Number of protein chains: 2
Amino acid sequence: MNVRTLCLAILSFGESTGYEIKKQSVEGKFSYFVDASFGSIYPALARLEADGFVTSRQEIQPGKPPRKIYEITEAGRTALVEELSEPPGRDVFRSEFLLIAMCAKNLPQHVVTEAIESRIRSIEEEVGQLRHIVEELDDEAAIWTAQYGVTCKAQALENLKKTRGDLEKLAGSRLSNTTTNAAE
Amino acid sequence: MNVRTLCLAILSFGESTGYEIKKQSVEGKFSYFVDASFGSIYPALARLEADGFVTSRQEIQPGKPPRKIYEITEAGRTALVEELSEPPGRDVFRSEFLLIAMCAKNLPQHVVTEAIESRIRSIEEEVGQLRHIVEELDDEAAIWTAQYGVTCKAQALENLKKTRGDLEKLAGSRLSNTTTNAAE
DNA sequence: TAGGCCATGTAACCGGTTACATGATTAG
DNA sequence: CTAATCATGTAACCGGTTACATGGCCTA
């Protein structure tokens with residue numbers, strides 16, 4: 001799933017700007033399963049316009065930089081449906097935390113404990129944010145998606161809280177006798 | 001989490017080859033939360049050797065290409081611990097399926113249904129594979145990690161099965177009157 | 001007055017993927 | 001006879017990130 005399709009999808013919910021699209025994908029209703037930076041969004045938007053999938057108009061606002069508002073075209077909607085119709089690529093999950101968990105035996109307990117706690121904090125934060133987003137949503141499909149995210153994340157959090165003790169017990173058990181004078 | 005650290009982590013469980021590291025990260029015990037291709041593994045291994053974090057020896061096997069077996073050094077173990085000790089980057093989750101779910105209203109029902117079913121099939125497959133991996137494992141930390149993956153994935157699967165009906169009801173409800181003659 | 005927010009955009013860089021090259025053996 | 005498995009490695013390419021440029025307004 002490339003930024004191009006993401007922009008099209010976000011614009012299918014209503015007109016928006018590059019700046020807002022970034023917010024949507026980083027802290028908004030899409031944040032749970034996508035991510036994008038300005039460096040990829042602005043060029044994608046420009047290309048979409050060149051391809052006739054979106055149109056733009058400038059809005060001058062006093063005391064603020066002008067906004068470039070993009071709107072999806074009929075051709076854009078068709079292209080979006082086509083892109084989403086072909087079999088989706090598999091979900092991607094990458095976790096540095098689980099790599100730490102995997103190597104727990106070779107790591108000092110405090111490293112493992114801190115990793116667990118930071119993971120718990122960040123899931124809690126994400127769940128809280130997502131719950132807040134759900135309340136603000138009106139589109140039922142968006143609500144379904146965010147709700148699914150909340151449920152899965154909340155369960156993952158519970159699993160972690162329930163079993164963290166087992167992992168912490170293992171921490172450091174195969175620690176080599178290297179004293180903690182980390183060479184730079 | 002880069003391929004470099006991944007290789008180091010895998011080698012901390014015992015000596016291995018580039019070929020095997022790929023298998024581990026694609027269908028083995030690390031497959032749940034990492035991924036890597038030959039094009040990134042081989043150069044990473046070469047760099048690790050140049051840095052003195054691993055050593056290699058050649059094993060000639062009759063009727064098969066020779067294998068280059070890598071072994072982690074003490075310096076490599078130290079480097080691994082150091083890298084895993086600094087605060088982990090947040091988990092990454094990317095889902096094309098959820099983008100489809102999000103846009104359900106604009107998509108034909110069969111597209112949504114097929115996406116759900118392919119998602120169900122692939123989670124089932126992953127859970128089955130991961131369960132199988134758990135049985136073969138001996139390292140308790142690796143078991144904890146895989147078990148955590150199985151639990152989370154199985155719950156995500158159940159959530160999807162339970163609520164898919166709600167999403168399917170929404171499918172196509174805001175479908176524009178474009179007939180299904182997709183222009184190439 | 002420092003930093004953050006609004007807002008758009010470009011350019012350098014980089015990690016990683018895809019595809020290719022090579023080649024024997026084994027399974028269907 | 002074809003395809004897959006074993007096995008290592010390189011090179012081209014590409015999508016995306018980071019950092020920079022610009023600048024007014026508002027808040028602490």
Side-chain angles (χ1 to χ4, degrees), chain A residues 1-8 10-11 15-28 30-31 33-51 54-70 83 89-90 92-94 96 99, chain B residues 1-8 10-11 15-28 30-31 33-51 54-70 83 89-90 92-94 96 99:
Chain A
M1 165 206 34
N2 49 13
V3 176
R4 196 182 145 85
T5 313
L6 173 64
C7 288
L8 225 38
I10 292 179
L11 290 173
E15 47 178 42
S16 188
T17 68
Y19 191 82
E20 274 169 12
I21 288 173
K22 205 220 155 178
K23 275 180 82 179
Q24 289 272 300
S25 73
V26 166
E27 43 181 68
F30 292 84
S31 61
F33 59 95
V34 295
D35 215 353
S37 62
F38 289 130
S40 58
I41 289 171
Y42 286 121
L45 248 16
R47 250 194 72 200
L48 284 170
E49 189 168 21
D51 292 346
V54 303
T55 55
S56 73
R57 73 194 137 89
Q58 199 99 12
E59 194 189 64
I60 305 130
Q61 16 175 41
K64 279 183 188 172
R67 320 164 75 215
K68 202 166 168 184
I69 302 165
Y70 288 92
E83 268 170 273
R90 28 183 63 214
V92 172
F93 177 62
R94 293 292 114 86
E96 219 165 303
L99 191 63
Chain B
M1 163 206 35
N2 48 15
V3 176
R4 196 181 144 85
T5 313
L6 173 64
C7 288
L8 225 38
I10 291 179
L11 290 173
E15 49 178 41
S16 189
T17 67
Y19 190 83
E20 273 169 12
I21 287 173
K22 206 222 155 176
K23 275 180 83 179
Q24 289 273 299
S25 73
V26 166
E27 44 181 67
F30 291 85
S31 61
F33 58 95
V34 295
D35 214 353
S37 61
F38 289 131
S40 58
I41 290 171
Y42 286 120
L45 249 15
R47 251 195 72 202
L48 285 170
E49 189 168 22
D51 292 346
V54 302
T55 55
S56 72
R57 74 194 137 89
Q58 200 98 11
E59 194 189 64
I60 305 130
Q61 15 175 40
K64 279 184 189 173
R67 319 164 73 216
K68 202 166 167 185
I69 301 164
Y70 288 92
E83 269 170 271
R90 29 183 63 216
V92 171
F93 177 62
R94 292 293 114 88
E96 221 166 301
L99 192 62

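The shown structure was predicted, so the numbers you read here are calculated from the model rather than taken from an experiment. Within every chain, numbering begins at 1; the chains are lettered A, B, ... in the order of the sequence lines, protein sequences first and strands thereafter.
Taking Phe93(A) as the reference, Tyr32(B) meet the ring-ring contact (aromatic ring centres under 6.0 Å, His included) condition, with sequence neighbours excluded. Scored by the ring-ring contact (aromatic ring centres under 6.0 Å, His included) test, Tyr70(A) finds no partners at all (sequence neighbours excluded). Considering only residues two or more places apart in sequence or on other chains, Glu83(A) meets the side chain to side chain contact (heavy atoms under 4.5 Å, CB included) condition with Asn2(A), Thr5(A), Leu8(A), Ala79(A). Considering only residues two or more places apart in sequence or on other chains, Phe33(B) meets the ring-ring contact (aromatic ring centres under 6.0 Å, His included) condition with none of them.
Between the axis at the start and the axis at the end of the helix from dT1(C)-dA28(D) to dG28(C)-dC1(D) there is an angle of 40°, using five pairs per end and rounding to 10 degrees.
Screening residues 35-49 of chain B for side chain to side chain donor-acceptor pair (under 3.5 Å), with sequence neighbours left out, gives Glu49(B)-Ser56(B). Within the structure, salt bridge (Lys or Arg N to Asp or Glu O under 4.0 Å) pairs that include any residue of residues 56-69 of chain A comprise Glu15(A)-Arg57(A), Glu20(A)-Arg67(A), Glu59(A)-Arg67(A) (at least two apart or interchain).
At the heavy-atom level, Gly39(A) lies under 4.0 Å from base atoms of the strands shown.
Side chains of Ile21(A) and Cys7(A) form a contact here, defined as non-hydrogen atoms less than 4.5 Å apart. Within the 4.5 Å cutoff, the side chain of Ser25(A) has heavy atoms near those of the Val34(A) side chain. Using a 4.5 Å heavy-atom cutoff, the side chains of Leu6(B) and Ile41(B) are not in contact.
When DNA chain D is scanned 5' to 3' for any atom under 4.0 Å from a heavy atom of chain A, the first and last hits are dG16(D) to dC25(D).
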Name the pairs: protein N/O against N/O of nucleotides 1-7 of chain C, kept only if under 3.5 Å.
residue	atom	partner	partner atom	Å
dC6(C)	OP2	Tyr19(A)	OH	2.9
dA7(C)	OP1	Gln61(A)	OE1	3.4
dA7(C)	OP1	Gln61(A)	NE2	2.5
dA7(C)	OP1	Arg67(A)	NE	3.2

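The backbone N or O of Pro65(B) sits less than 3.5 Å from a side-chain atom of Gln61(B), completing a donor-acceptor pair.
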